[in-house]
2 protein chains.
Amino acid sequence: MEMQPELCRVEDALGILVGKWKPIILLILLQNGTKRFSDLKRSIPGITQKMLTNQLRELEEEDIITRKVYPQVPPKVEYSITEYGKSLEPILVAMHEWGTAHTLHKMKKSQQTLFRIE
Amino acid sequence: MEMQPELCRVEDALGILVGKWKPIILLILLQNGTKRFSDLKRSIPGITQKMLTNQLRELEEEDIITRKVYPQVPPKVEYSITEYGKSLEPILVAMHEWGTAHTLHKMKKSQQTLFRIE
DNA sequence: TGGTATAGTATACAAAAGGATACTAAGGGG
DNA sequence: CCCCTTAGTATCCTTTTGTATACTATACCA
């Protein structure tokens with residue numbers, strides 16, 4: 001496994017995953033396969049239309065998701081994860097696992113702080 | 001493995017890894033264990049002192065690295081990866097592996113583009 | 001006729017991240 | 001006496017990211 005800095009391809013994945021709402025969008029699409037724009041919006045409290053559109057467009061640019069428009073009124077647009085997008089799952093899982101352990105680490109730290117203050 | 005959006009801890013790892021120079025700093029320290037400030041600077045072409053200091057401080061904040069000052073003139077400061085920091089390696093490896101495959105994906109895309117243009 | 005729903009766009013703004021450059025202390029070498 | 005080195009700060013600026021708010025078209029429903 002070549003991970004010398006010169007050959008480092010870590011940024012490729014990072015570049016795709018970075019964005020305030022991208023991980024959660026990907027998790028939802030990984031679990032459901034396909035979701036409408038409005039479903040995503042309802043599933044992600046706090047996101048604005050603009051940001052949802054923006055993050056979806058960026059993921060589409062990278063071939064991580066696809067966008068299917070149904071010519072109806074009112075409009076219907078479905079977003080789906082691609083096979084290629086599914087290949088990101090191991091990374092998201094690794095991050096999730098790490099994050100779960102990290103929660104414990106942070107708890108220990110703040111307890112230490114509490115002890116010191118008392 | 002719980003990865004429902006509500007329980008998502010992906011952001012924890014992402015928050016630590018995000019930063020233009022953090023992955024490369026971590027890769028260097030994962031390979032060497034310990035490096036001086038100036039060694040890091042020399043190993044990372046294009047980084048400014050300000051950004052190196054900044055990224056190191058943020059990693060230190062998160063207990064991913066430690067900073068050891070030797071009271072000498074000229075100064076000597078060593079940065080080392082912590083045990084906790086080493087736990088990020090699987091994520092970096094997963095990203096690196098994905099990135100390596102991603103390179104092929106991008107090559108295919110641009111070839112398609114070339115064919116279409118011709 | 002007015003309200004609802006969908007999937008956006010347009011505009012303006014605020015905040016965060018990153019970059020360029022100059023400056024510092026304090027000992028050693030010429 | 002001046003310059004070199006190290007590990008930074010300080011200041012200012014630009015770019016990127018994210019937020020808030022208002023606006024659009026068009027069919028359906030009451």
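Proteins come first, then strands; the chains are lettered A, B, ... in the order of their sequence lines, and each starts at number 1. Scope of the values below: all heavy atoms of this structure, side chains included, with no hydrogens, waters or symmetry mates.
- Rounded to whole Å, the distance from NZ on K20(A) to P on dA17(C) is 11 Å.
- Within the structure, side-chain hydrogen bond (donor to acceptor under 3.5 Å, both in side chains) pairs that include any residue of residues 12-23 of chain A comprise R9(A)-D12(A), K22(A)-E58(A) (at least two apart or interchain).
- The pair K86(B)-E83(B) meets the salt-bridge criterion, with a side-chain N (NZ, NE, NH1 or NH2) lying under 4.0 Å from an Asp/Glu carboxylate O.
- With sequence neighbours excluded, the residues that form a ring-ring contact (aromatic ring centres under 6.0 Å, His included) with W98(A) are H102(A), Y84(B).
- In this structure V73(B) satisfies the side-chain contact (heavy atoms from CB on, under 4.5 Å) test with no other residue, sequence neighbours excluded.
- Nearer the 5' end of DNA chain C, as judged by each residue's closest nucleotide, is the contact made by E58(B), out of E58(B) and T48(B).
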Which atoms of nucleotides 7-13 of chain C (N or O only) lie under 3.5 Å from a protein N or O atom, and what are those distances?
unit_1  : atom_1 : unit_2 : atom_2 : d
dA7(C)  : OP1    : R36(A) : NE     : 3.1
dA7(C)  : OP1    : R36(A) : NH2    : 3.0
dA7(C)  : OP1    : V77(A) : N      : 3.0
dA7(C)  : OP2    : S38(A) : N      : 2.8
dA7(C)  : OP2    : S38(A) : OG     : 2.8
dA7(C)  : N7     : Q49(A) : NE2    : 3.3
dG8(C)  : OP1    : R57(A) : NH2    : 3.3
dG8(C)  : OP1    : R67(A) : NE     : 3.4
dG8(C)  : OP1    : R67(A) : NH2    : 2.4
dG8(C)  : OP2    : Y79(A) : OH     : 2.8
dG8(C)  : N7     : Q49(A) : NE2    : 3.1
dA12(C) : N6     : K50(A) : NZ     : 3.4

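- Screening residues 36-46 of chain A for salt bridge (charged side-chain N to carboxylate O under 4.0 Å, His left out), with sequence neighbours left out, gives D39(A)-R42(A).
- Identified under the salt bridge (charged side-chain N to carboxylate O under 4.0 Å, His left out) test for residues 65-79 of chain B, with sequence neighbours left out: K76(B)-E78(B).
- Considering only residues two or more places apart in sequence or on other chains, Q72(B) meets the side-chain hydrogen bond (donor to acceptor under 3.5 Å, both in side chains) condition with none of them.
- Legend: residues meeting salt bridge (Lys or Arg N to Asp or Glu O under 4.0 Å) with E61(A), ordered by chain and number and at least two apart, are absent.
- Bounding nucleotides for the chain A contact on DNA chain D, 5' to 3', at a heavy-atom distance below 4.0 Å, are dG18(D) to dA27(D).
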